[in-house]
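Within every chain, numbering begins at 1; the chains are lettered A, B, ... in the order of the sequence lines, protein sequences first and strands thereafter.
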2 protein chains.
Amino acid sequence: MTSSDAPARRSKQPSMGDVARHAGVSSQTVSRVSNGHANVDPLTRQRVVESMEALGYRPNSAARALRRGKFKAIGVIMFTLRTFGNMSTLNAIATEAARADYSVTLLPVREATLGQVSGAYNRLSEAAVDGVVIIFEAHLLDEAEFTLPPGLPVVVIDSNAGDAYTVVDTDQADGARQATEHLLSLGHRKIWHVAGPESSFSAMRRMEYWRRTMVDAGIEPPPVRYGDWSTESGYRHGMELGQRDDVTAIFAGNDQMALGLMRALHELGRDVPGDISVVGFDDLEEAHSFWPPLTTIRQDFGEVGRQAIQNLLAKVDGERDNHKIIVPTRLIVRGSTAAPRE
Amino acid sequence: MTSSDAPARRSKQPSMGDVARHAGVSSQTVSRVSNGHANVDPLTRQRVVESMEALGYRPNSAARALRRGKFKAIGVIMFTLRTFGNMSTLNAIATEAARADYSVTLLPVREATLGQVSGAYNRLSEAAVDGVVIIFEAHLLDEAEFTLPPGLPVVVIDSNAGDAYTVVDTDQADGARQATEHLLSLGHRKIWHVAGPESSFSAMRRMEYWRRTMVDAGIEPPPVRYGDWSTESGYRHGMELGQRDDVTAIFAGNDQMALGLMRALHELGRDVPGDISVVGFDDLEEAHSFWPPLTTIRQDFGEVGRQAIQNLLAKVDGERDNHKIIVPTRLIVRGSTAAPRE
DNA sequence: ATGAAAGCGCTAACAC
DNA sequence: GTGTTAGCGCTTTCAT
């Protein structure tokens with residue numbers, strides 16, 4: 001009875017047992033080699049490695065995860081990758097997670113699925129992850145009513161999630177205050193605000209603190225204008241605001257809308273910052289090359305991602321307390337702001 | 001020797017068996033409920049669901065994956081999320097994968113790990129994925145020499161990977177040709193090119209076809225200038241080119257460099273497109289709001305992502321052939337190009 | 001330094 | 001409609 005090598009069982013991945021057989025050792029030895037353990041005779045190890053290569057073995061991570069009870073993976077729940085902020089945060093998360101040898105799984109959320117607590121559990125509960133970072137617009141989190149599986153560590157970014165989770169939040173309030181005060185200190189009085197959508201937690205915080213800063217300065221804030229974060233919406237508001245003569249300063253809810261605004265003002269022949277000053281929020285990589293270079297509020301997305309992962313991994317390792325981390329923002333003064341013309 | 005079930009084992013997730021015990025049924029029945037199978041008495045199902053909730057049960061996906069031999073996950077290997085293109089592609093990939101009920105795992109590659117074919121296997125071989133999309137700059141793929149685990153379906157994006165894999169590629173060549181011909185047709189003769197880094201496959205393709213188009217038109221191409229995709233590098237070249245009087249048209253390797261170029265030209269007081277025409281590549285979402293709005297080549301990242309996933313999933317389901325998919329590019333004419341001044 | 005046995009949590013196959 | 005049995009591929013004792 002020869003168990004010689006001509007099986008032609010092409011489609012199946014070889015298992016540890018197959019390697020063991022091929023190398024003439026037990027599968028434990030293969031396991032030890034695969035995990036780089038010490039107590040293996042160099043010659044044996046050599047033989048095993050050769051067998052692995054010959055067979056094209058690769059460890060089955062499902063089995064491994066099952067056995068070890070850890071996936072070495074964290075999930076990120078987000079609606080869209082389309083915004084600069086989400087992208088940057090995700091990038092930081094992936095980088096930081098990799099440092100700890102964790103991979104990152106995207107858990108895209110189609111809104112339909114969300115509230116639906118049907119008989120079958122939703123994909124989140126099945127996800128092969130040790131913890132989850134949620135980058136949601138806050139109100140959506142509320143609406144969702146989606147019960148996170150108990151025991152799954154969670155960190156929430158930029159949300160009003162309250163005390164139930166650890167929250168990492170950019171200091172929107174202070175950013176909006178800085179932006180508004182900068183314009184005020186330049187001598188502008190009536191500062192207009194083009195806010196992000198009402199559905200956004202961040203947008204509402206920025207708007208609230210713009211208003212508050214105005215009121216604190218004893219100035220009646222002009223009516224808020226709502227955009228949707230897009231360059232186009234900024235453009236539309238720019239076309240309207242640019243035609244009024246009581247507009248000397250605009251604080252846009254993000255850089256993209258600021259860009260759209262400036263384009264409209266250019267088209268209308270209004271000079272930025274000569275006629276009208278503009279401040280953004282985010283500090284896109286390109287913002288310093290806009291024309292004029294954009295004065296804006298820098299968000300430290302890298303730090304947000306880092307904090308999120310560090311706190312999440314602490315939880316994965318057993319920490320139970322929730323924290324609230326506030327990441328500071330910073331005013332970057334460039335060429336789009338100046339004192340109002342006399 | 002107490003192998004009794006020590007209670008108060010707080011930290012452990014409840015298993016199917018626990019739920020079964022709690023509900024007074026077999027774990028098989030729990031499994032059926034968990035998977036939404038039909039043959040379960042409504043009352044039993046009810047009871048099981050209640051037990052699940054009471055215990056906070058969530059299925060262990062490692063066990064599930066082990067049993068089923070599928071992870072329902074695909075991996076994406078990329079160096080950085082920082083570029084618009086990678087991010088857009090990733091977004092499309094995630095969206096398309098979600099439609100097929102697959103999640104996406106980011107496999108960040110730290111260069112150090114890469115070539116290293118040490119005894120221990122690299123993270124890719126352990127990744128809990130059914131297939132892999134690679135978004136690499138081509139030469140890196142070459143250098144890497146990293147042998148993909150045999151049997152793991154692979155699709156490569158924008159690379160010269162050859163016939164070993166299915167490749168989804170944007171039609172860089174045609175894009176570069178369109179950009180150059182557009183400028184030519186406007187009446188420009190000597191068209192300068194600010195290319196991406198030499199290490200980039202895409203950059204080299206664009207460069208090659210810009211040159212070829214010039215040669216075909218019987219014009220000696222001016223020396224190539226290399227940037228690194230960044231706005232800053234565009235700015236630097238802009239400051240130099242803008243001071244020469246033999247520059248009337250520049251084709252930038254991407255939109256960000258084009259933006260930097262235009263900023264430099266503004267600062268130098270050169271009018272775009274009056275004095276100098278500029279064409280980009282990518283069509284960033286903001287490109288139409290640059291000042292002036294940027295003429296550029298649109299890449300269809302969404303289609304690239306879609307094709308990648310569709311082809312990959314076909315392979316996961318057993319398809320063996322490799323394909324080569326070319327996604328077309330398109331010239332978008334906006335305000336940054338015009339005929340040269342006489 | 002190596003091997004044997006047990007079992008992680010789940011589901012497919014087959015009872016009943 | 002429900003339970004029993006077996007085993008996916010791996011790692012953790014414990015022996016040798």
- [ ] Map B:R32 and B:A63 onto DNA chain D by nearest heavy atom, then report which one ends up closer to the 5' terminus.
- [x] B:R32
Task: First of B:S26 and A:L66 reached from the 5' end of DNA chain D, by closest nucleotide - done: B:S26
Open item on the list: Of the listed nucleotides (D:dC10, C:dG9, D:dG3), which one gets closest to any side-chain atom of B:Q28?
Closed with: D:dG3
- [ ] Let me know the distance between CG of B:N60 and C1' of D:dC8, rounded to the nearest Å.
- [x] 13 Å
- [ ] Measure the distance from CZ on A:R64 to C1' on D:dC10 and round it to the nearest whole Å.
- [x] 8 Å
- [ ] Taking only the side-chain nitrogens and oxygens of B:T44, find out if one of them lies under 4.0 Å from OP1 or OP2 of D:dT2.
- [x] yes
- [ ] Between B:A62 and B:H37, just flag the one whose closest nucleotide in DNA chain C comes earlier from the 5' side.
- [x] B:A62
Task: N-O pairing of B:E96 and B:R99 below 4.0 Å - done: yes
Open item on the list: Rounded to whole Å, please give me the gap between CG in B:D18 and P in C:dG9.
Closed with: 8 Å
Task: Per B:M16 side chain, nearest of listed nucleotides C:dT11, D:dC10, D:dG3 - done: C:dT11
Task: Value in whole Å for how far the C1' atom of C:dA12 lies from NZ of B:K70 - done: 17 Å
TODO: Measure the distance from NZ on B:K72 to P on C:dT11 and round it to the nearest whole Å.
DONE: 14 Å
Task: Nucleotide D:dG9, atom P - distance to CZ of A:R58 in whole Å - done: 13 Å
Open item on the list: Looking only at the side chain of A:R67 (C-beta and beyond, no hydrogens), which of the listed nucleotides C:dC10, D:dT12, C:dG3 gets closest?
Closed with: D:dT12
TODO: Give the rounded distance in Å between these two atoms: CG of B:N35 and P of C:dG9.
DONE: 17 Å
Open item on the list: Looking at every non-hydrogen atom in both residues, tell me the closest pair between B:M52 and B:S34 and how far apart they are.
Closed with: CE-CB, 3.7 Å
Task: A:T29 vs C:dG3: side-chain N/O to OP1/OP2 distance below 4.0 Å - done: yes
TODO: Classify the nucleic acid contact of A:D41 as base, sugar-phosphate or nothing, counting any heavy atom under 4.0 Å across all strands shown.
DONE: sugar-phosphate
- [ ] Verify, without hydrogens or angle tests, whether B:T95 (side chain) and B:N91 (backbone) share a donor-acceptor contact under 3.5 angstrom.
- [x] yes
- [ ] Please check if the side chain of A:D18 supplies one atom and the backbone of A:S15 the other of a donor-acceptor pair under 3.5 Å.
- [x] yes
Task: Nucleotide D:dT11, atom P - distance to CG of A:N39 in whole Å - done: 16 Å
Task: Those residues that, when tested against A:F301, pass ring pair (Phe, Tyr, Trp, His ring centres under 6.0 Å) (two or more places apart) - done: A:F84
